[in-house]
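Basis for what follows: all heavy atoms, side chains included, without hydrogens, waters or symmetry-related copies.
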Amino acid sequence: MASKDQSTPPPADNLTKGPTVPSNFIRFIIDEDMETGKWGGRVHTRFPPEPNGYLHIGHAKSICLNFGLARDYRGLCNLRFDDTNPTKEEIEYVESIKEDVRWLGYDWDDREYYASDYFDQLYGFAMSLIRAGNAYVDSLSADEIRKYRGTLTEPGRESPYRERSVEENIDLFQRMKDGQFEDGAHVLRAKIDMAAPNIIMRDPTLYRIRHVPHHRTGDRWCIYPMYDFTHCLSDSIERITHSICTLEFENNRELYDWVLNQLELYHPQQIEFARLNLSYTVLSKRKLIRLVDEDHVSGWDDPRMPTISGIRRRGYTPESIRNFCERIGLAKRDSIVDIALLEHCLREDLNRRAPRVMGVLRPLKVVIENYPEGHVDMLDALNNPEDPDAGMRQVPFSREIYIERDDFMEEPPKKFFRLAPGREVRLRYAFFITCRDVVKDSATGEIVELRCTYDPATRGGDAPDGRKVKATLHWVSAAHAINAECRLYDHLFTKENPNETAEGKDFTAYLNPDALEILSDCKLEPGLLQATSGFPYQFERLGYFVVDAKDSREDRMVFNRTVTLRDTWARIQKRRK
RNA sequence: UGGGGCGUCGUCAAGUGGUAAGACACAGGAUUUUGGUUCCUGCAUUCGGAGGUUCGAAUCCUCCCGCCCCAGCCA
């Protein structure tokens, strides 16, 4: 960037700020609107979830987009519940949605709206359409309407009720509202064109009868407006400028525009973008509901789920998700983002902020034969090498400790530099130890204990004689350890794209049986007793962990592994197989 | 074989007629008391294909190919 004034140095954060928000086609549209003054310099977006399920990471993309645009252009973003189908929607979902949006770090102030708040106005607009001869009450059955609609290649036929008089339509629609008809007896339809090449325009249904109470309006209504009628009008009522939705609504834009044009109302611009797909998981509400209903997972907030509540419980941070949503970009082509990018954003954030601790997942007892019995050393350990302000803590060391079973091999292969018979390694922040003997269960042959010796001169982890070791192991003093349960998570599916199914199979066939591994005999350093949920820790050399918000108890702590550390050794092993 | 969209590295994605950004992944190497972090290095002579226009094309034109969406009284 060229500086115009040579006497003024460029701002320092020009270089340190990191990647700026990349532009995209929606920002181009808005930039142009700002130049032409199309909306009087306003940007007003909305995030319009239907409260019929929990939000997932795909919604996060939309949330970050809509709220992010409002933030960057000094505009506003509304939270609006698209609650026009009382058979599917529940109050539980609106509460969870609000919690999730807030957790992601966004604020809608007092602009919490519900399409159901507009039912009166919507009814009035429907009446206007009828009076103008642009809508009619149809008395065909659902089945008949489908048959009359035609196909992709053949035009539809007009309903015999299409030419009812305005008066009759008004009367019928009023009586629909008054509850004089059964579900399905009539619908209100837009009168457009049964031969339209866009099937959506073949006299779309605007209202249907449903004698079902609504979670907000109760029994006040028994007719409910359809999405296409509701959404554009809600946007219009809220003076939205850019109505951003996903690609599958591209066909619906013609109807969005038609309704607003017929009614001659304030007319936002609908813009479509490609929804997020992530490898090794599914991101459709229908499929997520099945995972919950069929007990493939423990619930919407199961840490294996890609739901916001699931990944929150798993230990993901809002910052990492926001960052991810910026990095994936925005376009109109269908794509599947590599879940490794999400994990990268997570590690990047966690590495900076998570205090380091030691925890042994699969303990192997080590007795230090030349260490005095009953003695305890308090050793200084760095809380976070990435953060000098994080300070130090003390960790107890004693004659009997636990190390990770994976850190010892009786017959080590070439590139294994951890502990082995006769080999010396460093115990982090403690001493060098050398393995002298391997104790096995005489019956099973299983290794039950290691006998080692330590070098007292290496206290803290450095040898005064300058000798080096190839590995540093984490450890926990046996007498001081907390017993805890750790839940290790992996990708929910074994297939990169579980939506792509073989003949006769469905996506559940690719569920990963190892997506959850429960380890119930973990040994953690004593300081972890203070750990509370929502606060991430790095278990050194293993990964990032967080207290499970639901199942952890004071006398039985439960930790979730949020994500592993990158593991070069594991990759080497995998390559070998 | 109707209509609406979309095809740029393994995965995302910039690029808007002037000679293919970046990120992730991957592969090497350096530093390291985490096989972590960090730091270097490499990674599309070519943009779905074929023609054409142009001094010059991923960008413009023509034809072809492939993928996604729409036939709910779901959203």
Between [atom2] on [N] and [atom1] on [X], what's the gap in Å once rounded to a whole number?
| X | N | atom1 | atom2 | answer |
| --- | --- | --- | --- | --- |
| A/E250 | B/G4 | CD | P | 11 Å |
| A/D387 | B/G36 | CG | C1' | 16 Å |
| A/F417 | B/G36 | CZ | P | 9 Å |
| A/R571 | B/C24 | CZ | P | 13 Å |

So that I know where these two stand, are [X] and [Y] an aromatic pair - ring centroids less than 6.0 Å apart?
| X | Y | answer |
| --- | --- | --- |
| A/F173 | A/H186 | no |
| A/Y207 | A/Y224 | no |
| A/F249 | A/Y227 | yes |

Assess whether one donor atom and one acceptor atom, taken from the side chain of [X] and the base of [N], lie less than 3.5 Å apart.
| X | N | result |
| --- | --- | --- |
| A/N251 | B/C69 | yes |
| A/R566 | B/G35 | no |
| A/Q538 | B/U34 | yes |
| A/E386 | B/G36 | yes |

With a non-hydrogen cut-off below 4.0 angstrom, is [X] in contact with a base, only sugar-phosphate, or nothing?
| X | result |
| --- | --- |
| A/E540 | base |
| A/N85 | sugar-phosphate |
| A/I223 | nothing |
| A/Y207 | nothing |
| A/K285 | nothing |
| A/P385 | base |
| A/M201 | nothing |
| A/D228 | nothing |
| A/I209 | nothing |
| A/F539 | nothing |
| A/R418 | base |
| A/T84 | sugar-phosphate |
| A/Y224 | nothing |
| A/A142 | base |

Q: Name the orientation class of the two ring planes belonging to A/H491 and A/Y280 (parallel below 30°, tilted from 30 to 60°, perpendicular beyond 60°).
A: parallel
Does [X] place a side-chain N or O at less than 4.0 Å from the phosphate oxygens OP1/OP2 of [N]?
| X | N | value |
| --- | --- | --- |
| A/R208 | B/A75 | yes |
| A/R202 | B/G3 | no |
| A/T151 | B/G2 | no |

Q: Could you say whether A/N52 or A/K332 is positioned toward the 5' end of RNA chain B, judged by the nucleotide with the nearest heavy atom to each?
A: A/K332
Q) Taking for each residue the nucleotide of RNA chain B bearing the nearest heavy atom, is the 5' side occupied by A/L341 or by A/P197? A) A/P197
Q. Between A/Y227 and B/A75, do the rings stack, that is, sit under 5.5 Å apart with planes less than 30° off each other?
A. no
Q) Can you find a side-chain donor-acceptor pair between A/T458 and A/R426 that sits under 3.5 Å? A) no
**Q.** Axial cation check for A/Y123 ring with A/K177, 6.0 Å and 45° limits
**A.** yes
Q) Which residue, A/R157, A/M201, A/R162, forms the side chain to side chain contact (heavy atoms under 4.5 Å, CB included) with A/M194? A) A/R162
